[in-house]
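Quick notes on the structure that follows.
Throughout, protein chains are lettered first and strands after them, A, B, ... in sequence-line order, and every chain is numbered starting at 1. Being a predicted model, the structure only gives us computed values, none of them experimental.
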Amino acid sequence: MDKTFQPQDIEQRWYQHWEKSGYFKPGSEQSKSVKADSNNAYCIPIPPPNVTGSLHMGHAFQHTLMDVLARYQRMRGKDTLWQVGTDHAGIATQMVVERKLAAENGQTRHDLGRDEFVKKIWDWKEESGGTITQQMRRLGDSVDWQSERFTMDEGFNAAVQKVFISLFDQGLIYRGKRLVNWDPKLQTAISDLEVENKDSKGHMWHLRYPLADDICTAEGKNYLIVATTRPETMLGDTAIAVNPNDPRYKNLIGQYITLPLVDRKIPIIGDDYADMEKGTGCVKITPAHDFNDSEVGKRHDLFMINILNKNGTIRTTAEVFDHKGNLSNQFDPSLPKEYADTDRFTARKTIVADLDALGLLDAVKEHELSVPYGDRSGVVVEPLLTDQWYVDAKTLAKPAIEAVEDGSVKFVPKQYENMYFSWMRDIQDWCISRQLWWGHRIPAWYDDKGQVYVGQSEADIRSQHSLNDTVTLTQDEDVLDTWFSSALWTFATLGWPESTDRLKTFHPTSVLVTGFDIIFFWVARMMMMTMHFIKDENGKPQVPFNTVYITGLIRDEQGKKMSKSKGNVLDPLDMIDGISLDALIEKRSGNMMQPQQREKIIKRTKKQFPDGISAHGTDALRFTLVALASTGRDINWDMNRLEGYRNFCNKIWNAARYVLMNIEGHNCGADGLSEYELSLPDKWIVSRLQQIESDIKKHFDNYRFDLASQSLYDFIWNEYCDWYLELSKPLLAEGSVDQQTGTRRTLVRVLETILRLAHPIMPFITEEIWQSIREPAGIDGNKRENDTIMLQPYPEADSNKIDADSLTDIDWLKAIIVAVRNIRGEMNISPGKILPLYLKNGNSDDKARFKKIELYVVALAKVGQITWLSAEDATPPAATQLVGELEILVPLAGLIDKNSELERLNKEIDKRSKEIARLNGKLTNANFVDKAPADVVEKERQKLAEAEDAKNRLETQYTQLREMDR
RNA sequence: ACGACCGUAGCUCAGUUGGUUAGAGCAUCGCCUUGACAUGGCGGGGGUCGGUGGUUCAAAUCCACUCGGUCGUACCA
């Protein structure tokens, strides 16, 4: 074995072995002895990453937690499936390929045409689709690769079709002309969730709209003033609203104003939406370009005038619709030609200038407002009137809300349930059509008259509706929102709409691990779709998963979100393999959208990683992520933690090295027949192991990964390595043959158990070491089930193995050794120097007890001659430590400076005095003594007595020492 | 504006139903290359738990208010 742990030598080798051996498959599909039974099944559906993407730290985090759960449950004997797959990620993928096309030969997707372009995307998927799956292998993800799915594979496509068609037939999907969030750059509708509102500074323009028919306001003005942040929309105004109770204007209701620039006569209406307190009390109403106005329009049967092209420029001629969305000739649709085809923001300036020239610009004010941006395109989105497909979300949401209310689905941490409820209880219909080319084409066809038919194929529809060839059918150009297909993820991946064994065994799945940012996008929609389509044998809706574990976000060391544009992204693989500074800089600053950031990023990267990043290995990365995973809070990434846990891996490695060196060629009881004797340290470490096992189980079952890893770390480093391995040294050197066998047996078996405990978190190092110690630990490596640690049983605590005396004895032993070490440390005595030791004030029990531990004290505290002194004996000049009643004395004898010992004693006495004062304060308080529980008071009394006794003895020692050898 | 979460050692974080002297890792200081490990060993220092007030015999923990931060939602004529 190498002196240090070299992760790069072992990781990929073991992963390939596991994968090749089929160990990631569910147990029921590996061996006939495991029956497929939904009661013993454990399934995690992976949140499908973008097929053309790559892993970031957030993935690494979530994947690690999922893998910990999967490996843990698999070892506990659950029939475990971690379902893997990728998402076609509509807009994101289409954009990537469009950019690639543009960069390579300056083409747009329109140059290629739809079929050719979609083919290009499939090509790109073939080329880049392997990246993320390769990265997952490096992370050690124990997913079932053989059943990997893609949201556009054949079976999935069938599921999507079936869901769409059924929902349409049930009246839960409909088509309608409505306002949607329109992205003028990508030229597609997007959902509310894909809109990012950003605060920005803008202007509020106050416009004068002349009253028609020579009427005047109560104040005698012949115009109304409206205010707007988007003056260009005035071209589409179809009313002015005032509050029906507003004394200033209520007599004008039913009258008209003349809309400037377009010379349109539009009504003044009364609506509560107009707030008398706000602005001038008059609101321009543009139902085709504002969501609130659209609602007002519906209440008053207003016409809707669309003035924008799909690319965000002003139309040459407006589109006029009546309140039902039918084309209308009520108004002259012509628009001033000087704005035609100019961008909305250019038009804004021109229109303001033109109104100003007409004397109709009353005021311009600075204004803070939030502006909606498309999260993908980064441009301002526009409410636009278009024909789109919608899902009746309210109907579907009802059972989905109930499932969380009645606890069928639990969120961890629980507070996210509120987030879920608040959104679900106020849910809007879901716009599912997207004007993209990449995605599931909507299975709808139109005839010449615009009549819509929904069905699996054109042929199906023709036969179903008896349409002959004289009727031309054209398929809807649009595709479905990506989240429409991912909403079917839990059951479509298991084979639905076929009725498969996997669906029966693994659905509902056990736990979904995901980020809070997609609770709405994904979690809620999976709930709705699954409960609508998947029923159990009694016809009761099935939930998609029983538990939703919400993770926090991984941020950079300053708590900032990691993003490409900030240049603070860390690649999990760089943590594993390491990366040079130059390569890291290239990665962070190359191919930047905003080159001006480049220098800044380079500078910061150089400062933060002057030597690049060294290799830490997958296990260290995973352990770090697990250790930081406390419930649902964000993680500020800390390279120092990673380094600490790399050292921890090395610690385990060397502990194993020690064990191997000491069992090699010796009997360690593997045959189960040899005589052996367990010594005090053996009994102790076995007892502690049981306690740790039950702690870890508790923590895993509560999803407290951080506490589980902490328990493991503490036990391995601070107990097994620091104490047990050290205690084993004198035993192996001086113990009897049976004792040596007992210790070797314990050394290797506890190590073997530790490896199994740690395996879900650190799969590679545990497998590597386990392979070399399984035989001495008494495991028959020739049996197939013993080929790998990943299929071994997870350790379970056995309270019969806890020896209570060993726990108190070792605590006492530790206290004595620490006392000597403390004197040594504080007096700057070299650790190797053998010290004589006096023990004073020990009772007969202490003496008997000390006999049991003398061997270890001598070895670990490096003491030579040990002399017991009775209470009456004169104490030699010595440094003193108290262990309960017992006084530990190290003679000064030229080793120790008297004054520093006096100083040290003083410090100790001082400490005791403070404690005594505190306890006295408490105990003289009648309220405390009367009202606190008796055992609490008694405890405090005892502490006081002990502190007083200790103080007295330290003071005696102090006086004696000071008097000596003056 | 409303809601959620967070504020504990220099840094990153634990701290359960209120009850020992508030813990860990990293960093720091001192001693040590001892035959598993210097990616190490041993020992030490470091915190008025964001602030104020309250409930209680007892508050990091419960309540109210307040300051700071993150996120979400709403509003924005």
Side-chain angles (χ1 to χ4, degrees), chain A residues 1 3-5 197 199 202 204-207 225-229 240-241 273-275 278-285 290 292-293 367-370 413 415-416 418-419 422-423 426 516-517 520 552-553 555 557 559 561 614 616 620 627-628 630 632-662 702 704 706-707 710 713-714 717-718 721-722 725-726 729 818 821-832 862 911 914-915 918-919 922 925-933 935-937 939-940 942-943:
Chain A
M1 268 177 107
K3 204 170 163 183
T4 51
F5 174 51
N197 290 305
D199 289 335
M204 181 72 80
W205 287 274
H206 294 241
L207 312 178
I225 297 175
V226 294
T228 180
T229 55
I240 301 297
Y273 172 64
D275 185 339
K278 268 189 196 168
T280 58
C282 303
V283 191
K284 67 193 266 307
I285 302 295
D290 183 283
N292 289 317
D293 293 4
H367 186 70
E368 303 249 334
L369 72 168
S370 76
Q415 74 248 22
Y416 286 101
N418 293 332
M419 198 171 168
S422 72
W423 191 68
D426 185 34
F516 65 90
D517 48 336
F520 309 140
L553 248 51
R555 299 169 174 279
E557 65 291 340
K561 243 186 197 166
S614 59
H616 294 83
L628 292 171
S630 62
R633 65 183 273 172
D634 287 355
I635 291 176
N636 293 353
W637 184 250
D638 179 5
M639 288 300 289
N640 294 321
R641 290 288 291 252
L642 178 63
E643 201 177 322
Y645 293 124
R646 180 197 59 180
N647 296 352
F648 178 55
C649 291
N650 190 55
K651 190 75 182 175
I652 297 175
W653 185 255
N654 275 286
R657 227 160 72 88
Y658 170 82
V659 172
L660 278 168
M661 285 166 85
N662 283 288
N702 291 331
R704 287 304 304 266
D706 57 330
L707 298 180
Q710 185 68 41
Y713 184 99
D714 274 344
W717 200 313
N718 301 329
C721 291
D722 283 352
L725 294 192
E726 293 306 320
K729 288 174 184 175
V818 167
R821 283 174 176 174
N822 183 275
I823 292 170
R824 213 187 266 280
E826 299 227 329
M827 296 299 142
N828 282 348
I829 301 169
S830 155
K862 294 271 188 312
K911 234 195 218 166
K914 279 187 189 140
E915 198 185 348
R918 193 180 53 83
L919 290 165
K922 241 179 172 178
N925 180 345
N927 276 326
F928 173 69
V929 181
D930 293 347
K931 295 191 180 166
D935 58 321
V936 171
V937 177
K939 237 199 243 167
E940 297 294 297
Q942 219 168 345
K943 274 190 290 187

Crowding at NZ, A:K943 (>12 non-hydrogen neighbours, <6.0 Å): yes
Base-pairing string, 5' to 3', of RNA chain B - Watson-Crick or wobble, under 3.5 Å, | interstrand: (((((((..((((.....[...)))).(((((.......))))).....(((((..]....))))))))))))....
Phosphate OP1/OP2 of B:U39 contacted by A:N654 side-chain N/O (<4.0 Å): no
Rounded interatomic separation in angstrom, taking [atom1] from [X] and [atom2] from [N]:
X	N	atom1	atom2	value
A:D722	B:G43	CG	C1'	13 Å
A:F5	B:C37	CZ	C1'	14 Å
A:M204	B:A77	CE	P	5 Å
A:E643	B:U39	CD	P	9 Å

Distance between [atom1] atoms of [N] and [M] (Å, rounded):
N	M	atom1	value
B:A74	B:U17	C1'	37 Å
B:G10	B:U70	C1'	23 Å
B:U34	B:U8	P	42 Å
B:A4	B:C26	P	37 Å

When you compare the protein's N or O atoms with those of nucleotides 8-10 of chain B, which come within less than 3.5 Å of each other, and at what distance?
none

Sugar-phosphate only, base, or nothing, as touched by A:Q942 at under 4.0 Å among non-hydrogen atoms: nothing
Could you go through nucleotides 28-35 of chain B and list every protein N or O atom that sits under 3.5 Å from one of its N or O atoms, giving the distance for each pair?
residue	atom	partner	partner atom	Å
B:G30	O2'	A:N828	OD1	3.2

Residue whose nearest RNA chain B nucleotide is more 5′ - A:Q710 or A:R641: A:R641
Residue whose nearest RNA chain B nucleotide is more 5′ - A:A274 or A:R824: A:R824
